[in-house]
Structures are given as structure tokens and as C-alpha cells.
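The structure under discussion appears below in the form of C-alpha cells.
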Amino acid sequence: MNILSAFVVVLLVMLVVVFMIPGEKKNAIRWTMAAGSFVLLGMAIYLVKDFLDWKSLNPTEQFYNAGLDPITWYEGVINIKFAVGVDGVSVAMIMLSAIVVITGVFASFAVEDKAKEYFLWFIMLSIGVFGFFISVDLFTMFLFYEVALIPMYLLIGVWGSGNKEYSAMKLTLMLMGGSAFLMVGIFGIYYFSAEDGGALTFNIEEIAANAAMPVEWQRIFFPLTFVGFGVLGAMFPFHTWSPDGHASAPTAVSMLHAGVLMKLGGYGCFRVAMTLMPEACQEQAWIFIVLTGISVVYGAFSACVQNDLKYINAYSSVSHCGLVLFALLMMNQTAMTGAILQMLSHGLMTALFFALIGMIYGQTHTRDIRYLGGLMQVMPFLCVCYVIAGMASLGLPGLSGFVAEMTIFVGSFAHEDLFHRVIVIAGCTSIVITAVYILRVVGKILFGPLYKIEKVDGKFNYLSEHNGEVHHYPLRDAIWYEKIATVGLIVSIAIIGLYPVWISDMISKSLEAVAALLN
Amino acid sequence: MEAFASISHIILALPFLMFIFLGLCGNKLFKSNPNVAGWIGTAGLSVVAIVSYYIAIQYFWFEGKGSDSYQQFVLFNYEWLKMTDNLVISIGFMLDPISAMMLVVISTVSLMVHIYSLGYMHGEEGFQRYYAVLSLFTFAMMGLVVATNIFQMYIFWELVGVSSFLLISFYFIKPSAVAAAKKAFIVTRFADMFFLVGILILSYYTNTFDFLKLTAVSDGHATLVNNTMCGMTFMGLSVTSIAMFLIFLGGAGKSAMFPFHIWLPDAMEGPTPASALIHAATMVVAGVFLVARMFPVYFFEAHDVLTIIGYIGAFTSLFAAIIACTQTDIKRVLAFSTISQIAYMFVALAVSGYASEHEECLGYTASMWHLFTHAMFKACLFLGAGCIIHAVHSNEMNAMGNLRKFMPIAHITFLVSCLAIAGILPFSGFFSKDEILVAAFEHDKVLYACQAFVAGLTAFYMFRLYFRIFWYSENPAHEHHTPHEAPMNMNIPLIVLSVFTCFTWLDKVFPFFPEKITADRVGYELETNWTIAIASILVAVVGIAIAWVLYKVKNDKPDMIAGKVKCLYISASHRFYIDEIYLFITRKIIFGGICVAIAWFDRHIIDGFMNLLAWISRELSYDIRDVQSGNVQQYAMGFLLGVLAIALFAIYY
């Protein structure tokens, strides 16, 4: 069987198996999920090796289809094929998805309520994500994109917390609004995918090779496509679904959403909008550079005054994902490599953040930093992990954030135009603001004396006042499955941070052709 | 050379591995006996120190000498991250006179602090964590000084910053310690942003990060920078100057130069030995080291920046010295003294020439030499202060007095170090400070006058500290318990460091470092300029004498004098309100103004617009809903009207 389509097949098998297991057997469901995601992770690691072997033999080719030729789904008015192929960028994204999925599964072990249905939707979401990254056919790509979006509504609306119905609706509507733009863009690309009289195609490789789209049409479809994907990439001013959505989503859904789903946006902007419409991209890039530049600084400033941990992290994601699109639009190989590294790094560390926030929230029943303090004495393991996540986020060398940000800054600064370089300098201020909001949280909730926490017989209780009544929530440190989830993510972050050269090489080599095309 | 290359790995690898080991399993493995973690750390660091000494000795006396100058060796250089073909971040090991000297400084002070902490930190919660972070710091600092490229330096620069954060916030339950750690990290991070932008500009034009290429000199120019950046201007300023100034700002942040000095006094919240290592001897001189590393570029291509550095340094040294005279927390006095002394080093660099001929680069040599001597005596002072704090359980001068009777070893070593920092012959500070003054005198009389005055102030406030601690009153504060001498493992480091301080004059006998550390790496013979030396000793003696009169026995003269210059005294004791200005800008303007406004804008305007869209479509839907009422009469009406409209249209159009 083909390794690429196997990702989707394994998930489909998981879907069927979980469906067959009766809902009461929660442990059986959990372990099926764990086993399945282990298989996915193993396949992702194998794929990296396989891809690197193939790339060393075929240095000039872009996509590796692992021997699977396009399969026709529908032929007639439009040509739809199931076509797979990966390059260094998608391999990195698949690796990221596999890591986030497996850690997300472990972080979801705590879900008790309707666990079966929860995991079914979780698998659907994963199918969408993996399917999107392996596709090279615009139609199937779009299909998987939608498959990934729909489960979000139910996962947030049913298993979420707080103002969940509102958030779920808002998130879905905004992202669906984005995909409406996107659909127009994709059909536009399709109708100009070949010279007059040629066979129209959805295949990205063929479209790029034909390069048949006239510039005047590109000018219309490029912004549609870019904004369509940009909504999911939390581009200013289309980012407001993100804080509400994340705040209401259950832990693993936040992880998967911020960790992987938001990357669909950046990846789509790059793979579809930019590479298929390079001329319009060059003309209009400055508009989006300004918007994403605003995202970077604006998100960071907004994060400084939030009181809900998830809001802080959501705005920080706006800032970090802004940096992804910002660097992509600089259109040189180094900056784009940095952008992909940033997707990877942001995916891992934000998943870690949301996992940790979920674990803390699960015990204290509050995420408001004004009502938390001194957690380091209570749950040292989780808090040390939180500090590490924070350090990764503010770009400490040795963790992944530094590698990504520095590649972005050096690459973007290599732009020959002065205006772009000045904007990069403005973007650099984000490294200070990031430090401010990260340390604000660390100093407030982790360090300092115990706040609203009492110690009874060596055990800690969180005192929560609600309608004049005081609730005592017992506190504990991480348990085994939480440790697996956090340690898995930290190890991945540290591997990229300590020895980045292999992964940056893998990504960079696949971007050579694209960068040449864009210049 | 080959022998070097293989053993030099130990200097970076061993502290890193110790950090990983102690950090990951220190708590579990040594739960019952945390001291083992300390011993492991100390043993590992002893190995590092031995290797460092071996490399330094081999370098200075045997391997390093080239035909006319000391060579720069790159012992290893591993590609870490490749950005473009030319812009590659490597992790490497460069050996040249200043990095060899720094190896000695760091390993000596770090080893002493490791030993000292075995006693000082005994029984503290988080003992293992403390040693893990010390190892991390040593690793980062070593990596910083041996960096082969400016980005490697930046990497380790950030790492020393975070180890500083972790050590300041060691007592993380104390809110003041947490606040101090945050402040230190954010202020230095703010400066690092300028450093980063400076690196970006420099590397954009020169297309390299490599120090060897950047600092290569020929025909009176830093060749590469001159070729690629000469004549470039941005808004009327030379791009080279802008870049080099930004890089200096990074150094100013780490080295606590005005106006970035505010974090250092607060950083004293950390454990005292950590302050001795990081905030007195090693990390805070990183900025000086950075300017020294890039010295050819500063000197030849951005000399205006060098002049600015000199004046910033002179101002900072004066400013900090005045504040030091009014502080009552002994660690804060030492902190301001550190700021003042580091500023001295910057001044020395600014008044230096490049060539070794005719002692032109005396300032450079003096700066590096002062860095060396200062590290030793200031670490000794801090460790001594640690012993005292240990004994009286307070940082405040008022709780001390008359301690010489109880703590003779701390007393003698503290006195030696005070004499050194005051610049009294024959202690180490005399030689280094005297050369700085000579260089300043020859280059710029204003700077000389300022630094000479600061030398007097230094002698005054250090002896104020000394007399207040060891003489002054028959102490009321320690009635309830008798202060006692610290244990041996705390005293040995004091003795070792004061021996360094006492016997550096032996460099006249054994050819030791100073003459070998020059900007162009050509060694020369140092001469002491006795005219200036005697003048500076006199100034110091006057300072000491004033302190003697005011503080040897308790009297009301100090209060009287403070009353006379009340305005100056109060503002100096409040550190000239710089912290308040910062607080106003950050809290009120940035946080309260910008951040809150942006967050409000986001929630109400941007998000409000999205909600408005949703609201409009919902309201419209409610309105349109009536069309689909299921009422047949209404449908028929609509049908008829439609037909009529089409008919009219067809007829008249």
C-alpha cells in the first residue's frame, strides 16, 4: 500500500473500530486511539526517512508520490482526481500532525463524557488534516479542508466550556466564510489551469507547470485565495474567531486546532495562493505584509492584557502565525524556510501550552490568572513544563522557537527593498513583547506565594468561591498520560531546537524551486 | 593544536551534560542527600577549570605565539543552522588572547562559587536545581566567549540571560525575587532586540556572521566592513555606525550601562553566590567583551560610536558611584559599584588605539586587565558579603558593625578586595585602574578627570561599606545571637580569590596576561606611569580618609552632611528616580495605554464588526422569513404582481 494514502486509511480503520466498540468501554476506545496514533507517528517517521532517500536520488523533483499515480474520481464537466504527493514542507507538516495527534489523544484520556463520540469526531478532524497535507489535487485538498472544519463545531459546541455555543458558531461561520472565498479562488484557478483548449486540471503540479493564468485574473483570485486561507491562519483582521474558539474548546481540540489546523491556513496560502499565482503575489504582497506585520505586533500587545490563559495563548498564536505569513510573503528561500519552521515550532509549543492549560484548568476550574498563584509548589511537573513552553515561545536558543524566528528575521531582512527591511525591524519588537506576556503569566500563576490554595495534611486544595459558597477542588501534579503528552511535545521542541540543521535542510531544499519561481 | 581541539570540547560539553543530568534527575536521584548533586557539579567544574587553565597556559606561552602576533585558532566549528550558503550559524570554539583570558576568569570564579555554594546553599530547597542552573550558566558563558561567529554569541547571550533569570528567581516564592527576575530578563531582552537588529544590518551588508572575517584588518581598515558598508547612509547616518551602535546597545543591556542599568541592583534578590558569579564577575562583562571582540570594526569603521561609548561609560560610572554612596543594603552598594567598574572598562576601550606600537592600545589592554582583576576582587567582595549576610541574617548595614572580631577571615579578605578596588598599591585593582587612567589621560582629559574623580568616590563608598560592616558601632542588632565565622568551604574561595587580588603584581615577575592582550594581538612591555599612578593613589587615599572620619566610629557627621545636600542625597538614594520613570512608561503608557487600547479595539471594533455582520444577516433573515409564510393567498398575490410586472416590462421596453 502507498504510504501517503495509508495515513487516511489508518484513520478510517480507526474510525470504524472505534465506532464498533460500545460506548461504555472507554478504556478500549482510548487504547485503540493510542495504538492508532502510534501507528501514525511511526508512519510519519518512516515517511521522513523515505522522503529524504527519495530526495537525495531525485534532487530536482518537487513532489514525492510514493508510487501512487492519480486516481480518477470523476471525469466530465470537471476533472477530479485523488492525487497525492509530498515535498519537504508537507512532510514536516505531516510529522507535526502526527506528534500533535498522539499527544492530543493522551491529553484526551481525561474525557469521560460521551468519550466515544468525542473520539469519533477527533478522528474525523485528523482525517481532514492528514488528507489535506498529502493532497496535491486542489479539489481533494478543499474537500479535506472542509472535513477538518466541520468537526470543530461539534467538538467545541458539545465538549467545550464557557460560552461554547457562541464560540463554536462564530468559529465555524468565520472559517466557512473563508472557505467561500476559497472556493471561488479554487474554481478560478481551475478554469485558468491550462492554455486555451488544453485539458483543465486541479493538479497543483500541472497547474504550476502550465502557468497559464493571465495576470489580470490572478489579481482577482490571488487575494480571494489568500484571504480564504488567511482566515484560518488567523490573519489580522480575520482572527477574532481564534480567541473565543480556543477559549471554549476542550483541551485536545485546542491543541489540534492551534497546533495543526491553523497550519492548514499558512500551508494553503503558500501552496495554493502563492505558488499558483506568483505574479499577483509579487504585486500584492505588500498589502498582506502590512496586515501580517500588524498581526505580529498587535497580537503580542493584545496578549499582554488578557486575563484568561487561553486568550493569552490565542493572541500569542495570532502573533506567531502572523509571523508565518509575514515570512512567506518575503518570498525568499531563507524566510520561507523560517516560515515553515515557525509553523512547526508554533504547532508544537502551542499544543504544549494548550495541553498544560487544560491540565491546570481541569483541577482549578479557572483559567483566570488573577485567581491563580504559586502553582509551582503544588504541581511542579506541570509548571516546569509550562516554563519550558514559555521559553520556547519567547525564543530561547535550544528550543524550536529561536530557530524559526531567527531564520525568519535573517531571511526577511535579506529582502532588497528598504520598506520590507524596516517592517522586519518593527516585527523584531515582538520578541520583547512576547517575553513580557510570557513572564507575566509565569510570574503570576507559577511563581510567588500560594493564592487561594490551602494546604491540608500535605495535600493542596483550590478554594473557589461560587455564589457565596466555597468549593474545595483537590490539586495534584500530572498523572502518567499527561506526562506522556507533555514530555512528547517537549522532546520534539528540543530536538528541533538543539539540532535544527537537518530539518531546515529538508524544508529548504523543497523551497528552492518555489523561491526561484517567485523571484 | 590537535590536542587542544579535542579537549576543548570538554569545556562546552561537560557543563551542558551536567545541566541536563542534574536538571532531569537531580531531584529524584539525590532526594535523600542533595549535597551529592553539589559535589558532582563541583567535580565537573573542576575538570572544566583544569582544561581551561591548560588551554590558556599552552596558548599564551607555547602554541599561541605566531611570528609577530598571537594567532586566532578555530578549534572546532560545527554547522548548526544554515540560513544561506554564506550565512551559517555554527557552534564553534575560537581561541585568541581575550577568549583564553575569559576562560581563566570564568572557570576560576565559577569553581569558587561552586565550592562556596556547598556551604552557603546547604539545606536550601532546590539545591539540585541551583547546581543545574549554575552548570547551564557556565556552559552558556563559555560558549559566549569562545564564539566563532556573532550569531553564536547571540545564542549564548540569550542563554546566559535565561540562566540569570532562573537564578534571580531561585527563591520563587518571594514576590520581590520574581519581580526582579522578570525585570532583569525583560530589560536585557529589550536591549537584545537592538543587538539582533544590529546583527541583521551587519550581516545584510557583509553577508557573514564570522568574527574572523568581520574583524580582519588590513591597511588601517576593517576590510570586509569597509568594502561592503563604506559610504552607506540611512537618514543621514552611516549605516556602519548605526549597526555598531545597536550592537553596543545589546552589550549595554547585559552590562547594565545607563539607561539599562535598572535591572542589576534588583537582581541582588538572587542567592549571593549567584550574584557573585553572574552579576559581578562574568555575565555583566559580556558587553565589554562584545565591544572588545568587535573592536577593529568599532575603531576603524565606527569611531564616532566608540566616542559615544566612552561618554556613556563615563556618565554611568559617575552616576552609579554617586548612588553607591547612599545605599544601605550592602549587596546593592556592591551592585552599583559593579555598574561603575564595568563602565570603567567601556571608557578604557573607548580611549584605546589599535596598534601595539608606542603603547597605543593601552586602553584595550587595560580594559581587559580590569575585567580580569575586577572579576576576582568583586567576586571576593560578594562572597564575603554572603558570609556576612549568612552570619547576621540581614542585608542592611544597620544590622552590622564590629564584625571584625567575629569573622577575621571575611574581614581580611574583604579589606584586601576593598583596597584593590580603591586602587591601592600593590593590589590588583591598582595596576588595571592606573592603566585605564593613563590611557584616558593621553586620549581625552575630560574622561580622565571624570574617571579620576570616580576613583576617589569608589574608594570612599567601598570604605564606607567596609567601616560600616566591620567597625562602626558596638552592634546592637546581633545581641540575640553571636555572628560566627563561616564554614571552611565558604572561606577557602575567599582566600583563593584574595590571593589572586594580592599577587597580581607578580605579573611583573612572571610574564602573565596583560601585555599579551592587545587589539592587534602583538605583545608589548607595559610601563607604569608613576606620575599618574601617584596621583590616583592620592585620590584613593583621600576617599578612604573621608570614609574613616565619617564611618569608623558611630557619629552624627554623615547625617549632618546628608542633611546639607538633602536634595542630592534623597534623589541619589532613590537612584535618581529612574526606576519610577521606567515604571511610568511601561505600566502607564505601554501597558495601560497601548495594550489596553489595542485589546479594547480588538474586542469592540474588529470583533464587533464580525458580530455586526452576523447580527445583520440574522435580522435580515427574520425580515425575509415572512416571505415564506406558507400562506397561499400571499403567494398568489406575489405571483400575480410578478406576472403583472413582467407583462408591463415586456410591453413598454
Side-chain angles (χ1 to χ4, degrees), chain A residues 169-170 173-174 177 236-241 243-244 298 301-306 315 333-334 337-338 374 376-377 380 391 394-398 402-403 406-407 409-411 413-414 418 421 424-425 428-429 431-432 435-436 439-440 442-444 446-450 499-501 504-505 508, chain B residues 27 78-84 87 89 140 151 154-159 161-162 165-166 169 172-175 177-179 181-182 185-186 189-190 192-194 196-197 199-201 203-204 234 586 590-592 594-603 605-611 613-614:
Chain A
M169 183 59 101
K170 180 174 185 175
L173 282 183
M174 284 188 74
F236 176 87
F238 308 109
H239 63 276
T240 55
W241 56 267
D244 290 323
Y298 176 96
F301 271 124
S302 299
C304 288
V305 286
Q306 304 299 325
Y315 278 110
Q333 202 180 343
T334 312
T337 309
M376 188 64 99
Q377 298 159 63
M391 291 299 166
L394 59 78
L396 183 76
F402 179 83
V403 175
M406 292 308 132
T407 315
F409 288 138
V410 172
F413 204 80
L418 185 65
R421 292 210 298 278
V424 175
I425 292 178
C428 284
T429 54
I431 68 170
V432 184
V436 173
L439 294 189
R440 173 171 171 255
V442 169
K444 180 69 191 69
L446 308 185
F447 293 171
L450 292 176
Y499 188 54
V501 74
S504 96
D505 260 9
S508 176
Chain B
N27 269 345
Y78 299 111
E79 192 174 281
W80 187 70
L81 180 61
K82 193 171 163 187
M83 302 215 174
T84 66
L87 296 177
I89 303 179
F151 230 110
Y154 183 76
I155 289 173
F156 286 100
W157 193 270
E158 292 295 311
L159 285 175
V162 82
F165 172 81
L166 293 173
S169 64
F172 59 78
I173 299 175
K174 258 170 74 186
V178 177
K182 271 162 66 182
F185 194 86
I186 291 169
R189 184 79 185 201
F190 181 59
D192 292 351
M193 179 189 76
F194 295 112
L196 176 65
V197 175
I199 295 175
L200 290 180
I201 297 176
S203 63
Y204 173 74
F234 177 72
T586 50
I590 297 180
F591 197 77
I594 299 175
C595 293
V596 170
I598 286 182
W600 184 89
F601 176 80
D602 190 67
R603 283 287 91 184
I605 309 292
I606 305 269
D607 198 36
F609 179 70
M610 294 298 163
N611 283 336
L613 280 185

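Sequence lines set the chain letters: A, B, ... in the order given, protein chains first and strands last, and positions in each chain run from 1.
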Under 4.5 Å heavy-atom distance to chain B, tell me which part of [X] shows up: side chain, backbone, both or neither.
X	value
A:Ser508	neither
A:Leu173	neither
A:Lys444	neither
A:Ser504	side chain
A:Gln306	side chain

Which atoms of [X] come close to chain A, meaning under 4.5 Å heavy atom to heavy atom: side chain ones, backbone ones, both, or neither?
X	answer
B:Phe609	neither
B:Ile155	both
B:Phe165	side chain
B:Asn611	side chain

To the nearest 0.5 Å, what is the distance between [atom1] ([X]) and [atom2] ([Y])?
X	Y	atom1	atom2	result
B:Ile590	A:Phe301	CD1	CZ	6.5 Å
A:Met391	B:Leu166	CE	CG	5.5 Å
A:Thr240	B:Ile605	OG1	CD1	12.5 Å
A:Ile425	B:Ile201	CD1	CD1	5.0 Å
A:Leu396	B:Phe185	CG	CZ	6.5 Å
B:Ile89	A:Thr407	CD1	OG1	6.5 Å

Q. Is B:Phe601 atom CZ crowded by more than 12 heavy atoms from other residues, nucleotides or ligands, each under 6.0 Å away?
A.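 Buried by this count: over 12 neighbours within 6.0 Å.
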Name the member of [options] that forms the most heavy-atom pairs with chain A at distances under 4.5 Å.
options	result
B:Asp602, B:Val178, B:Ile606, B:Leu159	B:Asp602
B:Thr586, B:Ile598, B:Val197	B:Ile598
B:Trp600, B:Tyr204, B:Phe172	B:Tyr204
B:Lys82, B:Glu158, B:Glu79, B:Met83	B:Met83

Original post:
Should the ring pair A:Phe402 and B:Phe151 be called parallel, tilted or perpendicular, given that the plane angle runs from 0 to 90° and is split at 30 and 60?
Top reply: perpendicular
Notebook entry, point to check: Does the side chain to side chain contact (heavy atoms under 4.5 Å, CB included) test come out yes or no for A:Arg440 and B:Phe591, once each step is laid out?
Noted result: CA-CA 12 Å; A:Arg440 173 171 171 255; B:Phe591 197 77; 4.1 Å; yes
Chain B shares the most heavy-atom pairs under 4.5 Å, among A:Val442, A:Thr334, A:Val501, A:Ile431, with A:Ile431
Margin query: Let's test your reading of the structure: which of A:Val403, A:Val424, A:Val410 forms the most heavy-atom pairs below 4.5 Å with chain B?
Written below: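 Answer, by heavy-atom pair count under 4.5 Å with chain B: A:Val410.
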request  = Starting from the C-alpha separation in whole Å, work towards a yes-or-no answer on side chain to side chain contact (heavy atoms under 4.5 Å, CB included) for B:Leu81 and A:Met406.
outcome  = CA-CA 10 Å; B:Leu81 180 61; A:Met406 292 308 132; 5.5 Å; no
Give the minimum heavy-atom separation between A:Pro237 and B:Met610, together with the two atoms involved.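 Nearest pair, atom of A:Pro237 first, then B:Met610: O-CE, 3.7 Å.
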Of all heavy-atom pairs linking A:Val432 and B:Arg189, the shortest is CG2-O, 3.9 Å
Run the side chain to side chain contact (heavy atoms under 4.5 Å, CB included) check on B:Ile173 and A:Leu450 step by step: do they pass?
CA-CA 8 Å; B:Ile173 299 175; A:Leu450 292 176; over 6 Å; no
Handout entry: Heavy-atom side-chain proximity of A:Phe413 to B:Ile199 below 4.5 angstrom
Key =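 In short, these two side chains do not touch, never coming nearer than 4.5 Å.
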Next on the checklist: I'd like to check A:Pro449 versus B:Pro175 (side-chain heavy atoms, cut-off strictly below 4.5 Å). Are they in contact?
Outcome noted: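 The answer is yes, as the side chains (C-beta and beyond) meet within the 4.5 Å cut-off.
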- prompt: Can B:Leu200 and A:Phe409 be said to form a side chain to side chain contact (heavy atoms under 4.5 Å, CB included), step by step?
  reply: CA-CA 8 Å; B:Leu200 290 180; A:Phe409 288 138; 4.1 Å; yes
